[in-house]
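Report on the following structure.
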Amino acid sequence: MESLLFISTFIQHVNYFLLGILPTAVIDFLPVAEKFIWCGFAAVGFAVLFNVPARTLVFIGILGGLGGFTKFFLIRFGVSDVFAPFCGSAVIGLLSIPFAHYKHAPPPVFYIPALIPMIPGVFAYRMMLGMIKLVGNTQPADYEQVLQSTINNGLKVLFIILGLSVGAVIPMLVTRRDSVKDLKTSIFFDRRDD
Amino acid sequence: MPSNLFVLEVNKTHPEAKELCTLLLRIGTLLMTSGSNTERIRKTIQRISTSFDYKAELVINHRSVLLSLENENGDQVYTSLKRTGQHGVNFRILSGISRMSWTVIEEHWTVDQINEELDRLQALPHFPRIAVLLFVSLAGASFCRVAGGLIPDMIFAFIATFAGLFVRQELVKRLFNTYLCVFFAAFAATLVAGMGYKLGIADPGNHGFVTSVLFLIPGVPLINSFSDLIDGNIQTGIIRGINSLIYSFAIALGLLASMFIYQM
């Protein structure tokens, strides 16, 4: 307990110190940049759970971080909760192809673990709580309000997940190829003769 | 002569087609259980069958694969059906088979060579159990941080995820029903996470409770479901979607059970 308290006060002091020396634009930006690290860790955790080839782990972390960063960066500038994750997953889908060529593993190995940090767990939780309230509550006074928020959260969950999976396959849909092997990425990486 | 008898008659005269069909079905069911989408299974099998100068027609279901081989004259020479094993995501097999399917065409591998490679892929080691537990727990703590948690919340999310995943692994080892495993894992994780609130260390407003079960979300069936629907494989898409819905229900039930215990 005491060591916990000590750690959190220590971090607070570091925060105050940083607030003193950094320009405001950077301080505004720090919470968004921090998401890069945590989304990356979450992606790597799921990659380990899905037993990916060890050579791809670092790249999945980078992809997950970039996707989460894009999402929170856009939300910071007022983009909607549904469109921001879609853009994040489009970034992941596009970058998964050069990584797939570079590390010789199919793109789903990269984009599925990287997408998972963006799955809207908190919205799903709120929707579920709302549904429980709707089952137990027959009072007309706040029924409508609960119904409204439940449907709102549920639709957000549905459309965010739909957007995530569409965003990740955008390169395939746009280029109309059968396999990413046919897509040229030699601008980024030296391809083996394949 | 009845048509099915004709097929059986032809089956006997093409031993190499039988071997190839068994191999392709093995590849198809392996891909299906290790978390590939339907279009990828179809493409991989057709790619390998063209290397042997056969044409493959497929029916792919969630729990079975039906394959029919045609030779270059257009005769249907062999048809067979195989049931898939227990589903469990394993991207190492997915990646290995994908790489292999291109080498098969380039180097004209024989059926025996492919079978050996599949044996090797299936024997590949998983990550050590403790590494899986630690990395997934770190992912749980990261989820908590992304949702706005502070350090005490993150620590409880870490411990809760660790406990939940441990329970799940133990139950899977004892061959419990898959959904029951998820239910008990969610229950264990939220029991630990709720302890943080009862002890007054974690803050209920910071979503530590819900982020401790996020490691159970059926990410692969969910994303594969939508990508199947986009590809036009509506049937498998719906099946995967409903499967992930049942998983989510199991998670919700586990969460509810501990919310009932803690009177939240």
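Letters A, B, ... mirror the listed sequences (proteins, then strands); counts begin at 1.
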Under 4.5 Å from any heavy atom of chain A, what part of [X] do you find: side chain, backbone, both or neither?
| X | result |
| --- | --- |
| B:Ile93 | neither |
| B:Leu256 | side chain |
| B:Leu133 | neither |
| B:Asn224 | side chain |
| B:Leu214 | both |

For [range], give me every residue with a non-hydrogen atom less than 4.5 Å from any non-hydrogen atom of chain B.
| range | answer |
| --- | --- |
| residues 124-131 of chain A | A:Tyr125, A:Arg126, A:Met128, A:Leu129 |
| residues 72-89 of chain A | A:Phe72 |
| residues 43-50 of chain A | A:Val44, A:Gly45, A:Phe46, A:Val48, A:Leu49, A:Phe50 |

Interatomic spacing from [atom1] in [X] to [atom2] in [Y] - rounded to 0.5 Å:
| X | Y | atom1 | atom2 | result |
| --- | --- | --- | --- | --- |
| B:Leu222 | A:Ser165 | CG | OG | 7.5 Å |
| A:Phe41 | B:Ser137 | CZ | OG | 13.5 Å |
| A:Ile116 | B:Ile223 | CD1 | CD1 | 5.5 Å |
| A:Ile112 | B:Leu94 | CD1 | CG | 8.0 Å |

Pairing residues for A:Tyr143 by the ring-ring contact (aromatic ring centres under 6.0 Å, His included) criterion, not counting sequence neighbours: none
Residue, of A:Leu164, A:Ile132, A:Ile161, A:Ile119, that accumulates the most heavy atom pairs under 4.5 Å with chain B: A:Ile161
Which of A:Ala105, A:Gly68, A:Pro117 touches chain B most, by non-hydrogen pairs under 4.5 Å: A:Pro117
Residue pair [X] / [Y]: nearest heavy atoms and the distance that separates them:
| X | Y | result |
| --- | --- | --- |
| A:Pro53 | B:Arg92 | CA-NE, 4.0 Å |
| A:Val52 | B:Phe127 | O-CE1, 3.4 Å |
| A:Val122 | B:Ala147 | CG2-CB, 4.1 Å |

Proximal component of A:Leu115, with respect to chain B [non-hydrogen, under 4.5 Å]: side chain
Interchain contact, A:Val169 with chain B, by part (heavy-atom threshold 4.5 Å): side chain
Is there side-chain contact between [X] and [Y], with at least one heavy-atom pair below 4.5 Å?
| X | Y | result |
| --- | --- | --- |
| A:Glu34 | B:Arg145 | yes |
| B:Asn37 | A:Pro108 | no |
| A:Asn51 | B:Phe91 | no |

